[in-house]
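Before any comments, here is the structure.
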Protein chains: 2
Amino acid sequence: MSRPPTTQQFVLDELRKAILSGELAPNQPIRQDSVARRLGVSRVPLREALKTLEAEGQVVYRPHRGYTVAELSLEDLLEVYRLRELLETEAAHHATRRAETAELERVAAEHRAVAEAAEREDLVEMIAANRRFHFALLEPAGMPWLMRVIRTLWDATDAYRAVYYNSVDNRGRVLAEHEAILRAAWERDGTELARLLHAHRQHAVAALRDTMPPPSGGSATHGPEGRSHRTHSDGQSPAPGHHDAGPPPFPEGSGQE
Amino acid sequence: MSRPPTTQQFVLDELRKAILSGELAPNQPIRQDSVARRLGVSRVPLREALKTLEAEGQVVYRPHRGYTVAELSLEDLLEVYRLRELLETEAAHHATRRAETAELERVAAEHRAVAEAAEREDLVEMIAANRRFHFALLEPAGMPWLMRVIRTLWDATDAYRAVYYNSVDNRGRVLAEHEAILRAAWERDGTELARLLHAHRQHAVAALRDTMPPPSGGSATHGPEGRSHRTHSDGQSPAPGHHDAGPPPFPEGSGQE
DNA sequence: CAACTGTATATTGGATCCAACTTTGCGCCG
DNA sequence: CGGCGCAAAGTTGGATCCAATATACAGTTG
């Protein structure tokens, strides 16, 4: 159980998991002292990790007021998904032309991993495997900057991902659609692949519309500010191993009442 | 001229300027202690600013080895420009449909600012105004996440921007093309606008090809790595324009010999 | 009674200090 | 003479401490 090489990485991983799991809910203020103590670290590496998350759009920072988990309006989510489709279609187009057999087999393997996780009702692993599936599909495009942007867009919606996989219907649909996507990839049918990705995204968006709660009292459109500028980043390893979450839940109340 | 509300912001601005001007050249290691002292701050806000730049791809971080200014291969630059075209075309498409008159006048104003800066041979201001021009053009699309991504892609190539504007030919071309773009925007001709943006980008890329060093050298595809740690360094570097500046230069040698 | 102001408290921002790691240089051995 | 290993220096990573700012709460005043 080798811990990450630096504490910031460790903290970053933990924060990602906390956001993904809902432990840190949208709009919730992140009390540095509290979180740092819970993780058994000082505030310095925590703040560096938060800066990374800020760049990814997962948390919002206001000087002297601290960080809060980003709250995305439905419009925000729709926009992010739309951008993902635009970019992933582009990536898929190139990937289908260049993918080696070994790479395609990797995609197939991830597909099985998703299925298996669904079988076990292991939501966390299903989400992770789903992500690996999609990235394995696009990686052969050999466009690192494009991948980086796509990765950021995935990260940006992490706080809203779990809802989707709570639904058994959605889980089943995801599997079926992945299979079709996989087939199109094997046959190197870029057009069909684009069509499938579009449908895949459409269904996800439709599911989101249903599960999204009415915008909380806070200011509506959060997301990126008009400020000077800041942006995203590339993540890093999802930290192998370390399942069994023993540690107690995160601090603070939901923050959105 | 009030200083930014926080020191990190101040440091971030200074670092951006230093990278843009070439004071901090690609592949150059950033000695925290040295830079911090020069700016008259401690290392903490510096490190937070560096984290932001890392997320934007302007600097590369390797645990325990520190930050270096990102070195982009020609392939990297081409990919970034290609992505920008894809995304900016999308944004422009929406912007032309929604832009208010006031917004278009803002674009026109920025166009004049670019022209005036070119007149005065004020490269720094010309680069800044050029950026404002393009963003004013796209902003009316009302897609904050898209703008955010585009902003990042601009930032990512900041270290290589100055070269372009060193050429008088390029400066003239930029102005002429901006004017055409502006006209298409006024006439809300999305198709024509897309065509012009494409050409605009093509010319920029062509100019880049000339000024970039031989593509050979170290490992090919640089840019962002998969996950975990990055490996960027190595190889040679272009050492772009980097016209003499007034203020005292940054610390350290070029770091690329 | 509402609005305002001054003060107390909670929280973030920054600086300094110490520890961990990486790199460099020297001496030793083959 | 070249390669290896160990030690010292330089640099980054993290923790603690203090300062600055925002927020909450009284008390006061119109």
Side-chain angles (χ1 to χ4, degrees), chain A residues 2-15 24 27-55 59-70 217-219 225 227-228 230 236 250-253 255 257, chain B residues 2-15 24 27-55 59-70 228-234 250-253 255-257:
Chain A
S2 63
R3 278 222 334 205
T6 64
T7 305
Q8 357 174 350
Q9 296 285 9
F10 166 70
V11 173
L12 186 55
D13 292 343
E14 292 301 315
L15 288 179
L24 289 173
N27 203 31
Q28 177 175 339
I30 298 175
R31 300 272 178 261
Q32 299 177 6
D33 200 50
S34 167
V35 174
R37 252 206 310 278
R38 182 164 301 271
L39 295 178
V41 301
S42 86
R43 282 174 49 216
V44 173
L46 169 61
R47 275 163 58 180
E48 296 195 344
L50 285 170
K51 266 278 167 278
T52 298
L53 291 178
E54 184 207 355
V59 301
V60 175
Y61 168 70
R62 279 139 85 215
H64 297 289
R65 259 170 262 180
Y67 298 84
T68 59
V69 180
S219 59
E225 293 291 326
R227 303 192 45 76
S228 33
R230 55 202 29 116
Q236 78 326 326
F250 256 79
E252 315 304 321
E257 39 267 19
Chain B
S2 58
R3 281 232 320 214
T6 64
T7 305
Q8 357 173 347
Q9 193 65 42
F10 166 71
V11 173
L12 185 54
D13 292 344
E14 292 300 315
L15 288 179
L24 289 174
N27 203 31
Q28 177 175 337
I30 297 175
R31 299 274 178 259
Q32 299 177 6
D33 200 49
S34 169
V35 173
R37 253 206 310 278
R38 181 165 302 269
L39 294 178
V41 301
S42 86
R43 282 174 50 216
V44 173
L46 169 62
R47 274 162 61 180
E48 296 195 344
L50 285 170
K51 265 280 167 274
T52 298
L53 290 178
E54 183 207 357
V59 301
V60 175
Y61 169 70
R62 277 138 83 215
H64 296 289
R65 257 169 260 181
Y67 297 84
T68 60
V69 181
S228 285
H229 328 128
R230 347 263 119 99
T231 344
H232 219 292
S233 57
D234 113 292
F250 254 78
E252 314 306 318
Q256 48 194 331
E257 40 267 20

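Chain letters run A, B, ... following the sequence lines, proteins first, then strands; residues in each count from 1.
- Shown here are the side-chain hydrogen bond (donor to acceptor under 3.5 Å, both in side chains) partners of B:R65, two or more places apart in sequence or in another chain: there are none.
- What separates CZ of A:R62 from C1' of C:dT11 is a distance of 14 Å, to the nearest Å.
- With the nearest nucleotide of DNA chain D identified for both A:H64 and B:Y67, B:Y67 has the one nearer the 5' end.
- Residue A:L46 contributes atom CG, which lies 13 Å from atom C1' of C:dG13 at whole-angstrom precision.
- For A:F10 and C:dA20, the CZ to C1' distance is 18 Å, given to the nearest whole Å.
- Between B:R65 and the phosphate of C:dT22, there is no side-chain N or O to OP1/OP2 separation shorter than 4.0 Å.
- Between B:Y67 and B:L50, the shortest heavy-atom distance links the atoms CD1-CD1, 3.6 Å.
- Side chains of A:Y61 and B:T6 form a contact here, defined as non-hydrogen atoms less than 4.5 Å apart.
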Distances for protein N/O vs nucleotides 14-16 of chain C N/O pairs under 3.5 angstrom?
from, atom 1, to, atom 2, distance (Å)
C:dG14, OP1, B:T7, N, 2.3
C:dG14, OP1, B:T7, OG1, 2.9
C:dG14, OP1, B:Q8, N, 3.4
C:dG14, OP2, B:Q8, NE2, 3.2
C:dG14, N7, A:R47, NH1, 3.2
C:dA15, OP2, B:S42, N, 2.8
C:dA15, OP2, B:S42, OG, 2.8

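- A straight line from CG of B:L12 to P of C:dG13 spans 14 Å, rounded to a whole angstrom.
- Going from atom CZ of A:R31 over to atom CZ of A:R43 covers 12.0 Å, rounded to the nearest 0.5 Å.
- Nearest heavy-atom pair across B:Q32 and B:L46 is O-CD2, 3.3 Å.
- In this structure, CG of B:D33 is placed 8 Å from P of D:dT12, rounded to the nearest angstrom.
- Checked options A:L15, A:T68, A:V59; the residue passing with A:L24 is A:L15 (criterion: side-chain contact (heavy atoms from CB on, under 4.5 Å)).
- Atom CZ of A:R31 and atom P of C:dG13 are 12 Å apart (whole Å).
- In this view, B:E48 and A:R47, B:Q8 satisfy the side-chain hydrogen bond (donor to acceptor under 3.5 Å, both in side chains) rule, not counting sequence neighbours.
- Between the axis at the start and the axis at the end of the helix from C:dC1-D:dG30 to C:dG30-D:dC1 there is an angle of 20°, using five pairs per end and rounding to 10 degrees.
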